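Shown next, in structure tokens, is the structure this report addresses.
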Amino acid sequence: MISAQNWSDAQTLWAFQQMGHEPRHCSVGIGLGSHDLGVADATVDLYRRGMFPLVVFTGATSRTTEGRMPRGEAEHYRERALELGVPASVILVEPNARNTGENIRFSRSLLDDQGVHVSSILLVSKPYEERRAYATARKLWPGIDVVSASTDIQLEEYVDSIGDPRLVLDMLVGAQQRLLLYPERGFTVAQNVPDDVSAAYERLRHAGFVSRLLAD
């Protein structure tokens with residue numbers, strides 16, 4: 001059973017995980033691999049709006065995606081973008097990254113190898129991973145402007161699209177934990193966490209939404 005308090009706390013985490021950036025023109029758009037093809041759709045929408053002239057899709061496979069994306073997350077994103085009319089000439093594929101840090105590092109190396117000058121990046125991720133993607137890029141790619149974006153969707157709609165409310169709450173709690181742990185491990189820059197967000201996170205942990213937690 002998911003209580004009204006659980007849902008309220010999940011809404012608090014959902015809102016915090018999104019950076020609230022206004023999309024603006026960047027050197028390149030980077031679609032971060034995942035199980036969610038909505039990331040590819042959001043990247044295509046931003047490309048059509050003229051937010052960047054070049055797209056990088058990055059991601060290998062994981063236990064979550066190996067069944068539904070056997071050719072790799074980045075490749076399936078590319079195929080989706082082509083279906084939606086994006087020219088193949090503006091898409092680069094980085095097929096090896098297995099976590100957000102590798103997404104950033106390997107995309108940076110690919111763009112360097114292609115001779116692409118990058119002063120800004122528009123990172124496209126799942127809605128509840130915007131903040132960690134931003135913090136990771138700030139750590140691993142200093143000196144450039146970082147803008148975060150995701151599908152414009154409410155928590156309830158996202159839960160309906162996934163079809164597993166408990167899994168979504170588990171993922172929100174896991175995303176929040178990583179924001180707390182990763183700066184200490186050198187993976188991301190530190191960010192201020194408001195008291196209400198910390199309280200919501202702790203209540204959800206104590207309520208048992210822990211399947212996506214890392215060992216402290």
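Since this is a predicted model, take the numbers as computed values, not measurements.
Legend: salt bridge (charged side-chain N to carboxylate O under 4.0 Å, His left out) pairs involving residues 1-23, not counting sequence neighbours, sorted by first then second residue: Asp9-Arg203. Applying the salt bridge (charged side-chain N to carboxylate O under 4.0 Å, His left out) test to pairs two or more places apart or on separate chains, none has a residue in residues 166-177. For residues 152-162, the side chain to side chain donor-acceptor pair (under 3.5 Å) pairs, not counting sequence neighbours, are Gln11-Glu156. Every pair tested for ring pair (Phe, Tyr, Trp, His ring centres under 6.0 Å) that includes a residue from residues 137-157 fails, sequence neighbours excluded, so the list is empty. Applying the ring pair (Phe, Tyr, Trp, His ring centres under 6.0 Å) definition to pairs two or more places apart or across chains, none involves residues 86-127. Within the structure, every pair that satisfies the salt bridge (charged side-chain N to carboxylate O under 4.0 Å, His left out) test and touches residues 121-145, not counting sequence neighbours, is listed here: Arg24-Asp145, Lys126-Glu129, Glu129-Arg132. Each salt bridge (charged side-chain N to carboxylate O under 4.0 Å, His left out) pair with one or both residues in residues 93-108, not counting sequence neighbours, would appear here, but there are none.
Leu111 places a side-chain heavy atom less than 4.5 Å from the side chain of Leu54. By the 4.5 Å heavy-atom criterion applied to side chains, Val28 and Leu92 are not counted as neighbours. Counting heavy atoms from C-beta on, the side chains of Ser3 and Asn6 come closer than 4.5 Å. Contact of the Ser198 side chain with the Gln176 side chain is not registered, since no non-hydrogen atoms from C-beta on lie closer than 4.5 Å. Under the 4.5 Å side-chain criterion, counting only non-hydrogen atoms from C-beta, Phe187 is not in contact with Asn99. For the pair Arg205/Val173, a side-chain contact is recorded, criterion being any heavy-atom separation below 4.5 Å from C-beta on. Leu123 places a side-chain heavy atom less than 4.5 Å from the side chain of Ile104. Side-chain contact between Leu180 and Val193 is present, with at least one heavy-atom pair separated by less than 4.5 Å.
Phe209 and Leu167 fall within a single hydrophobic cluster, where Ile, Leu, Val, Met, Phe, Trp and Tyr side chains are chained together by heavy-atom contacts under 4.5 Å. Residues Val189 and Leu140 do not share a hydrophobic cluster, clusters being chains of Ile/Leu/Val/Met/Phe/Trp/Tyr side chains in contact below 4.5 Å. Residue Val168 is grouped with residue Leu213 when hydrophobic side chains (ILVMFWY) are merged at heavy-atom distances under 4.5 angstrom, including chains of intermediate members. Under the 4.5 Å side-chain heavy-atom criterion for grouping Ile, Leu, Val, Met, Phe, Trp and Tyr, Met19 is not connected to Met171 through any hydrophobic cluster.
Around the CG atom of Asp164, the shell of radius 6.0 Å holds more than 12 heavy atoms that belong to other residues, nucleotides or ligands.
Every residue two or more places apart in sequence or in another chain was checked for a salt bridge (charged side-chain N to carboxylate O under 4.0 Å, His left out) with Asp196, and none qualifies. Every residue was checked against the salt bridge (charged side-chain N to carboxylate O under 4.0 Å, His left out) condition with Glu202, not counting sequence neighbours, and none meets it. Every residue meeting the salt bridge (charged side-chain N to carboxylate O under 4.0 Å, His left out) condition with Glu83, not counting sequence neighbours, appears here in chain and number order: Arg80. For His21, the ring pair (Phe, Tyr, Trp, His ring centres under 6.0 Å) test picks out Tyr134, with sequence neighbours left out.
Of the inter-residue distances, the one linking Gln18 atom CD with Leu155 atom CG reads 9.0 Å to the nearest 0.5 angstrom. Atoms CH2 and OG1, from Trp7 and Thr12 in turn, are 13.0 Å apart once rounded to the nearest 0.5 Å. Remark: Tyr201 OH to Leu13 CG distance equals 9.5 Å, nearest 0.5 Å. If you take OG on Ser120 and NE2 on His25, they are separated by 7.5 Å, rounding to the nearest 0.5 Å. Atom CG of Asn103 sits about 9.0 Å away from atom OG1 of Thr136, to the nearest 0.5 Å. Annotation: the span from Gln17 atom CD to Arg178 atom CZ amounts to 10.5 Å, rounded to 0.5 Å.
Not a single donor-acceptor pair under 3.5 Å links the side chain of Thr151 to the backbone N or O of Ala42. In this structure, Gln177 contributes its side chain and Leu214 its backbone to a donor-acceptor pair below 3.5 Å.
Heavy-atom minimum distance, Pro70 versus Thr61: O-CG2, 4.4 Å. Residue Ala137 comes nearest to Ile121 through the heavy atom pair CB-CD1, 4.1 Å, listed as atom of the first residue, atom of the second, then distance. Closest approach of Val56 and Ser107 over heavy atoms only: CG1-OG, 3.7 Å. Between Gly38 and Asp36, the shortest heavy-atom contact is N-OD1, 2.7 Å. The shortest heavy-atom contact between Ser27 and Pro53 is O-CD, 3.4 Å. Contact record, Ala60 with Thr65: O-OG1, 4.5 Å, taken as the closest heavy-atom pair.
Members clustered with Phe57: Leu37, Val39, Val44, Leu46, Tyr47, Met51, Phe52, Val55, Met69, Tyr77, Leu82, Leu84, Val86, Val90, Ile91, Val93, Leu122, Val124, Val147, by chain and number, using a 4.5 Å side-chain heavy-atom cutoff among hydrophobic residues.
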For a side-chain contact (heavy atoms from CB on, under 4.5 Å) check, start with the C-alpha distance between Trp14 and Ile153, then their side-chain angles and the critical distance, and finish with the verdict. CA-CA 11 Å; Trp14 180 264; Ile153 189 171; 4.1 Å; yes
